[in-house]
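Single-structure report; data block below.
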Amino acid sequence: MLRNVSSSTFEALRQTKHFSRDMFKTVCREELEQMSKEDLIRKVLNLQSLCGQLKNKESTKKSEFEKMMWKTKTKKPRVIKEKKYRYIALKMAYLGWKYDGLQSNENLEDSIENILKGALQKTHLVDLSDQVVKFSKCGRTDKGVSSFDQVMTVCVNSKLAQGIGIMPVQEALEELSKANSQDRLLEDKTNRTPTHGEVDDDEYDYPSVLNRVLPSEIRILGWSPLDDFTFSARHNCSSREYRYYFPRGKLDIEVMSEAAKLFCGTNDFRNFCKINVGNCKTFVRRIDSFEIFPCESSHTSDESYEMYYAKIIGSGFVYHQVRSMMSMLFLVGLKREESSIITSLLDVESNPAKPCFGLANQVPLTLYKTSFESGFLKWRISPDAFTNLLVHLQSYWGDLGIKAQMTQELIRILKQDTDVEVDHKVNQFSVQDKSATTCSQLSQQVNDISAIHGVNKTLVVDNYPIDARRYKRVMDRPRGKLLEEHFEAYRSKKLRIEESKLEAKEMEIDSM
């Protein structure tokens with residue numbers, strides 16, 4: 001039977017005219033070159049059949065975006081004689097564990113941005129006949145990453161005739177278009193003085209309206225009117241704070257705390273990120289503080305299960321920077337690397353190419369707090385919206401908290417078990433000492449000989465085995481491309497694309 005293919009799918013494929021079990025075997029390029037034309041055709045047809053079956057199976061699954069759009073029926077939009085738009089900022093939180101990151105992508109429905117667009121359209125706060133929904137976003141988060149303080153700006157419908165940031169639709173869209181132009185983005189915004197009027201009690205309750213349709217992991221925490229269309233959630237943000245949560249396990253927290261301080265200051269982080277010169281030309285960033293703290297109410301009888309978090313504050317971050325820094329700290333905390341490796345990798349003159357090492361897991365990472373100049377944002381939320389929000393999050397935590405407590409209790413029972421006898425005859429684990437006769441005794445041996453505690457297993461994702469015997473020092477590993485090579489590859493790729501477009505255009509002209 002084929003791996004990851006159901007019996008029904010396999011049987012359907014078996015009935016096809018060109019079916020051959022051998023056609024699904026993985027082959028190298030040399031083997032493909034030796035195959036006859038007929039065999040290659042049969043292989044392609046079999047793979048097409050398989051892809052079709054898997055596509056049909058996948059198409060039955062609904063994305064979070066589809067669930068939201070079909071979940072609730074919305075009322076017909078209120079007919080307004082003279083519709084007005086309002087420029088506002090939304091304060092947003094999301095647990096991004098099962099979502100495709102913040103940034104909208106045409107191939108991915110379940111991005112946070114795409115889901116928010118759908119919610120704005122579903123609630124008729126945005127009319128697609130007027131505009132394509134565009135946001136300015138404070139901080140971009142990757143797939144699986146969360147945020148507790150994401151700020152996004154957008155033009156939405158207003159029920160008021162006048163107020164801060166309220167104007168006719170066409171005028172509002174023109175102002176927004178001007179503000180997004182390159183000239184306006186480069187203006188010095190530090191001298192602008194924000195103005196705030198009285199609270200608009202009769203305005204739409206934006207958090208309540210949106211939270212009614214958004215998925216349970218995404219919530220609007222508040223909104224603020226904006227009096228200046230040149231305000232940008234990205235460019236006006238003065239600092240961003242990320243937090244990375246993790247259990248202690250076998251990590252040396254004191255060593256990690258001292259090593260974290262080495263990241264502070266202004267440095268070139270090309271060796272602690274994923275280089276994409278198409279979107280980022282410079283990798284110099286400033287880290288204001290990098291500290292590690294224990295989480296509140298995380299004390300347990302076994303210190304291995306105590307929760308900690310790394311608090312990282314900086315003006316901005318490059319792609320995968322935080323996860324790369326945390327990955328290196330984990331290797332230091334496990335005593336696989338010395339703290340000095342951080343200083344060595346930040347010295348890009350001595351180490352201009354990044355050695356191969358893994359990324360820390362994305363799930364524990366969150367954009368915790370974003371800071372703006374005082375006075376620009378005046379957040380507000382109605383009592384009803386806040387009450388519903390609080391109860392919803394408490395209920396969500398209750399479900400996860402129960403599961404976490406039950407799992408921890410099961411671990412405790414397993415470690416204290418004296419009834420089940422250990423059979424050393426069937427031994428596939430590297431336990432040399434066969435003196436343990438119960439699960440309780442064996443659990444202590446497993447903890448002593450394991451290179452990494454089970455609670456850290458999914459966090460430390462390295463390219464080499466982590467045990468001391470097979471571990472390979474980061475500085476001894478293969479290196480990636482130099483930054484100059486990345487730029488050259490990007491220029492070559494861009495030139496090839498332009499040449500192919502030119503050829504396609506010439507062929508189109510010739511065919512006319």
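These figures come from a predicted structure and were not determined experimentally.
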Taking the side chain from Asn456 and the backbone from Leu459, do they hold a donor-acceptor pair closer than 3.5 Å?
no

Pair Ser382, Asp384: side-chain N/O donor-acceptor within cut-off below 3.5 Å
no

Would the distance check show the side chain of Arg240 and the main-chain N or O of Leu367 forming a donor-acceptor pair, the cut-off being under 3.5 Å?
no

Rounded at 0.5 Å granularity, tell me how far SG in Cys356 sits from OH in Tyr464.
5.5 Å

Sequence neighbours left out, what pairs pass salt bridge (charged side-chain N to carboxylate O under 4.0 Å, His left out) with at least one residue falling in residues 490-504?
Glu488-Arg491

Tell me if a side-chain donor or acceptor on Arg248 pairs with a main-chain N or O of Glu303 at a distance below 3.5 Å.
no

Is the Lys NZ or Arg CZ of Arg285 less than 6.0 Å from the centre of Phe269's six-membered ring, within 45° of the axis?
no

Tabulate below the donor-acceptor pairs under 3.5 Å that side-chain atoms of residues 309-323 make, not counting sequence neighbours, or state none.
| unit_1 | atom_1 | unit_2 | atom_2 | d |
| --- | --- | --- | --- | --- |
| Gln321 | OE1 | Val318 | N | 3.0 |
| Arg323 | NE | Ala360 | O | 2.9 |
| Arg323 | NH2 | Ala360 | O | 3.3 |

Taking only residues at least two apart or on different chains, which pairs with a member in residues 93-102 satisfy salt bridge (charged side-chain N to carboxylate O under 4.0 Å, His left out)?
Glu64-Lys98, Lys98-Glu217

What I want to check is whether the side chains of Glu203 and Ser158 have a donor and an acceptor closer together than 3.5 Å.
yes

Could you check whether Phe231 and Tyr87 have their ring centres less than 6.0 Å apart?
no

For the backbone of Thr458 and the side chain of Asn361, can you confirm whether one donor and one acceptor N or O come within less than 3.5 Å of each other?
yes

Judged by atom type as modelled, is there a donor-acceptor pair below 3.5 Å linking the side chain of Arg479 to the main-chain atoms of Ala353?
yes

Return the set of residues passing side-chain hydrogen bond (donor to acceptor under 3.5 Å, both in side chains) with Thr370 (not counting sequence neighbours), or none when no residue passes.
Asp149

Salt-bridged, Asp142 to Lys274, with N to O below 4.0 Å?
no

For Ser344, give me all partners under side-chain hydrogen bond (donor to acceptor under 3.5 Å, both in side chains), at least two apart in sequence or on another chain.
none

Are the side chain of Ser450 and the backbone N or O of Asn447 linked by a donor-acceptor pair below 3.5 Å?
no

So the side-chain hydrogen bond (donor to acceptor under 3.5 Å, both in side chains) pairs with at least one residue in residues 326-338 (sequence neighbours excluded) are Asp252-Lys335, Glu337-Tyr471

